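Worksheet: one structure, shown below.
Remember, predicted model here, so these are calculated numbers, not experimental data. Proteins come first, then strands; the chains are lettered A, B, ... in the order of their sequence lines, and each starts at number 1. Every heavy atom of this structure was used, including side-chain atoms; hydrogens, water molecules and symmetry mates were not.
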Number of protein chains: 2
Amino acid sequence: MAPPPKNTNGLASQRHAGRRQVLAVIRKAGQIARIDIADRITGSPATVTAITAELLDEGLIEEHSPKTPPSSSPRGRPRVALKIRGDAHILAGIKVASHAVSLCFLDFEGRGRGEFETRMPRSALSTSEMVAFLHETLTKACIANGLSLDSLSGVGLGVAGIVDAPRGLVYWSPTLTERNAPLRDHLAEILPMPVFIDNDANLVAKAEQLFGKGQGVRDFIVVTIEQGVGMGIVIDDRIYRGTRGCGAEFGHTKVQLDGALCRCGQRGCLEAYVADYALLREAGTLNLPDAPHGQLDALFQAAKGGNETARSIFHRASRMFALGLANIINIFDPKLIILSGERMQFDYFYAQEVLDAVKTSVLQIDAPLPDIRIHKWGDLMWAKGAAAYAMEGVSDISVQEIGKNVG
Amino acid sequence: MAPPPKNTNGLASQRHAGRRQVLAVIRKAGQIARIDIADRITGSPATVTAITAELLDEGLIEEHSPKTPPSSSPRGRPRVALKIRGDAHILAGIKVASHAVSLCFLDFEGRGRGEFETRMPRSALSTSEMVAFLHETLTKACIANGLSLDSLSGVGLGVAGIVDAPRGLVYWSPTLTERNAPLRDHLAEILPMPVFIDNDANLVAKAEQLFGKGQGVRDFIVVTIEQGVGMGIVIDDRIYRGTRGCGAEFGHTKVQLDGALCRCGQRGCLEAYVADYALLREAGTLNLPDAPHGQLDALFQAAKGGNETARSIFHRASRMFALGLANIINIFDPKLIILSGERMQFDYFYAQEVLDAVKTSVLQIDAPLPDIRIHKWGDLMWAKGAAAYAMEGVSDISVQEIGKNVG
DNA sequence: ATATTTATTTTAAAGGTCTAATTAAATCAA
DNA sequence: TTGATTTAATTAGACCTTTAAAATAAATAT
């Protein structure tokens, strides 16, 4: 007779998939009764009972009785709603920009638990300086918000540049003086919790997926404009990263042969027409007055005031932006494009003019254009995305732990 | 006591996944022993034995002893190789072009079992005319190759235009006079086997994935140039179709604001610079001599002979093509791009000049450019793709049948 | 109270996969 | 030739998961 086999459970252990799925359904629904979960995962109530029992046990979810959901008839045993237990985990999200670092805390339900912001000592740091600086910043942020470092279950980090997320490498970033920096692992060495790192545009996509306008949409695209132009691609509910794991370089897509000079050194990049520096570069000849909100705002005011040169700057940028968007639509045919950002660009770019230009540049069939929506987040958009990314990672870890605890 | 539960087997019936996986591994390997299969699917030998027994039973695979694979030591029980059983199914692939219909038969191993070609009566037909014409053509092709219509297990159909593959609808095609034609279902009504239909570029991608240079590559992109410019996207081993299920419209990607007029009615499309008609349009002013292989060949000869005008036509097309490719690379960062086709364009376009231009237009990091490979298929490339698509569909159906036979 | 209705949990059968043991089929060594 | 050795494939039995069906729970309606 064979001795009891080890609990390796081999292969594609259905349970993991089930647990993940149930957790995702609960997160998406906010609160939901077991029987409705069973419905959505095409599993039986019995299975849902088993899985939710584990998740309750682990403290990842909780029952939520107060208001019976107004569904169905008032007869019969009332359904008891389940929800994510916010206190299960607290995540930190950090966004590193060239001038400042912003940080936020999110609980497991996605609710804000604190914010923090600080200046960068210099616009670019070495890897070890960056690690020390982030450690210090995170510690300060915890203190400022009455949290202990140990109470955090995970940290998400977003940086501009080219990042290999699965390996935690930063191939290149404007905020780092070194290339190919193993930033994640260096951080993880001095922090007591897991660290996740990604390109900032991908993180915004993740935030849109979990908390924003991408909820429940399997395929969508997020475009951000600011210092540069970023893009995040979600296909089949997952962030698409190319071969090298770096984000899509929409900003360096060419919209003009031998066109405007880009800061990447090439010509004709979309970024060279629509990013901050591109607009300001053209505005340079205009001799603008000082404006309270900077030169870009001054340019905007001038355009609004009827200055033809200023208007033509925005006009060209709009048309190029529309062309870039149209190309994305022609290639992906997405259901939804989210223009996500905090800056003023969208005030010009998301004009009827742009939409019309997109429309005339997309190969028309009977179906309508994809939904193009703007989402103006606050300053914390990027940091929230980073925290969302950490939440996903911690969620996976928690779910995997369950299997081990049993064995 | 509960009566024996029905064999609904619900949820993600692991077995299906397993069977599919094993079949895919065998197909990819050509021939492979059970123990090696176990290795590649991270399953146990026991499971592989069980699954392969089913597949053998069903006649989808067969043992293949003759030459012991030279692997490992010569000691021990020799491994017996398994392979796909070619006779398990015969598939037809049909490619409809504006001037001709080409057709091929493939067996379940992917070996050619016959070919056929015929002219289209007119360049565009109504749906019912098309159905009748295809039925007639398929019947003739069977007779010409000593096959009976009943012996076919599936038919794949590729058409240019915009196709909703899952629903079998042709929204628009240059070969159909009607829009929104339910071509698949109409065909399936008069044919005794399942019918699959898709955009032709997607089918070429499928052919590359199953038989060509895309074997074993999870993510790659196929570009075709001919009448138009097509693109097929494979992500995560699956063909990516946008929201409306239509192929990526790479050809109508804009490479120039207010650029050359495209036959789609818009301006600046890539197609308007590199497709047949675009080259010929420019050549029109050149007063070329008649050439045995048509005007396009005459243009090519002129360019080769040093005619500056002819050369400049190709030069511009090359640069635009490079720009389009660079955009694809910037967006997808694919591991591999396959330039797939039968026509002469690649003789010019795949020049060092193009590669260099791509290189200078891609955002450089330390990693090298993606592999860009040309694959010149014969005339039957498109039809083979269609047959490959049918093979995949029939494969799925066969695998699903197994479960039912048991119950 | 009791019946009815609906949600959840329990129970037991069915079907998977896995480990370990066994059997099969070859070579190697005397 | 025979037995040891080696490697592949199959079989046996443990264990895990899911599911249908039965049982239980918790409410309203009568």
Side-chain angles (χ1 to χ4, degrees), chain A residues 1-19 21-22 32-39 41-57 63-65 67-82 402-404 406-407, chain B residues 1-19 21-22 32-39 41-57 63-65 67-82 402-404 406-407:
Chain A
M1 220 163 307
K6 273 173 275 171
N7 183 15
T8 21
N9 205 5
L11 208 52
S13 172
Q14 297 151 278
R15 239 332 161 36
H16 276 166
R19 285 190 273 251
Q21 224 183 134
V22 167
I32 183 173
R34 290 174 179 82
I35 194 167
D36 293 323
I37 298 175
D39 225 52
I41 66 168
T42 40
S44 71
T47 303
V48 172
T49 290
I51 290 178
T52 54
E54 289 176 335
L55 297 177
L56 281 165
D57 235 47
E63 297 197 338
H64 180 77
S65 34
K67 284 288 168 205
T68 313
S71 66
S72 69
S73 75
R75 305 270 239 113
R77 178 174 176 171
R79 40 188 69 184
V80 358
L82 299 171
I402 295 176
K404 288 180 193 162
V406 174
Chain B
M1 219 163 309
K6 272 173 276 170
N7 183 15
T8 22
N9 205 5
L11 208 53
S13 172
Q14 295 151 279
R15 239 337 162 32
H16 275 167
R19 284 190 274 249
Q21 224 182 137
V22 168
I32 184 172
R34 290 175 179 80
I35 193 165
D36 294 323
I37 298 175
D39 225 52
I41 68 168
T42 39
S44 71
T47 303
V48 173
T49 290
I51 290 178
T52 53
E54 288 176 335
L55 297 177
L56 281 165
D57 236 49
E63 298 197 336
H64 180 77
S65 34
K67 285 287 168 207
T68 313
S71 68
S72 68
S73 74
R75 306 269 242 116
R77 175 175 177 170
R79 41 187 69 186
V80 356
L82 298 171
I402 296 175
K404 289 181 193 161
V406 173

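The side chain of B:S44 lies closest to C:dT19 when the candidates are C:dT19, C:dT9, D:dT18. Of the candidates D:dA9, C:dG16, C:dA26, C:dA26 carries the atom nearest the B:P78 side chain, counting heavy atoms from C-beta on. The side chain of B:R34 lies closest to D:dA9, out of D:dT17, D:dA9, C:dT8. With D:dT6, D:dT18, C:dT23 as the choices, the nucleotide that has an atom nearest any side-chain atom of B:R77 turns out to be C:dT23. In this structure, the nucleotide among D:dA9, D:dT10, C:dT8 sitting nearest to the side chain of A:R79 is C:dT8. Of the candidate nucleotides C:dT11, C:dG16, C:dC18, C:dT11 has the atom lying nearest to any side-chain atom of A:A46.
Distances shown here put a side-chain N or O of A:T47 below 4.0 Å from the OP1 or OP2 atom of D:dT19.
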Checklist entry - After noting the C-alpha distance and the side-chain angles of B:V48 and B:I35, does the key distance pass the side chain to side chain contact (heavy atoms under 4.5 Å, CB included) rule? => result CA-CA 8 Å; B:V48 173; B:I35 193 165; over 6 Å; no

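Here D:dT10 presents its C1' atom at 15 Å from CD1 of B:I51, a figure rounded to the nearest Å. Remark: C1' of C:dT17 and CZ of B:R15 are 9 Å apart, rounded to the nearest angstrom. The distance from atom CG of A:D39 to atom P of C:dT6 is 15 Å, rounded to the nearest whole Å. The distance from atom NE2 of A:H16 to atom P of D:dT18 is 12 Å, rounded to the nearest whole Å. Summarising the geometry, the separation between CD1 on A:I37 and P on C:dA7 is reported as 13 Å, rounded to the nearest angstrom. Rounded to an integer number of Å, the gap from CD1 of A:I402 to P of D:dT17 is 12 Å. Distance A:I35 CD1 to D:dA20 P: 13 Å, rounded to the nearest Å.
Closest non-hydrogen pair, A:L56 versus A:E63, comes out as CD2-N, 4.1 Å. Closest approach of B:L55 to B:R19, counting heavy atoms only: CD1-O, 4.4 Å.
B:R15 is listed as a side-chain neighbour of B:I51, based on a closest heavy-atom distance under 4.5 Å.
Residue B:V48 is classed as having no contact, given no heavy-atom separation below 4.0 Å to the nucleic acid.
Counting atom types as modelled, A:R75 pairs a side-chain N or O with a base atom of C:dT4 as donor and acceptor under 3.5 Å.
Taken to the nearest 0.5 Å, the CD1 atom of B:I41 stands 11.5 Å off from the CG atom of B:D36.
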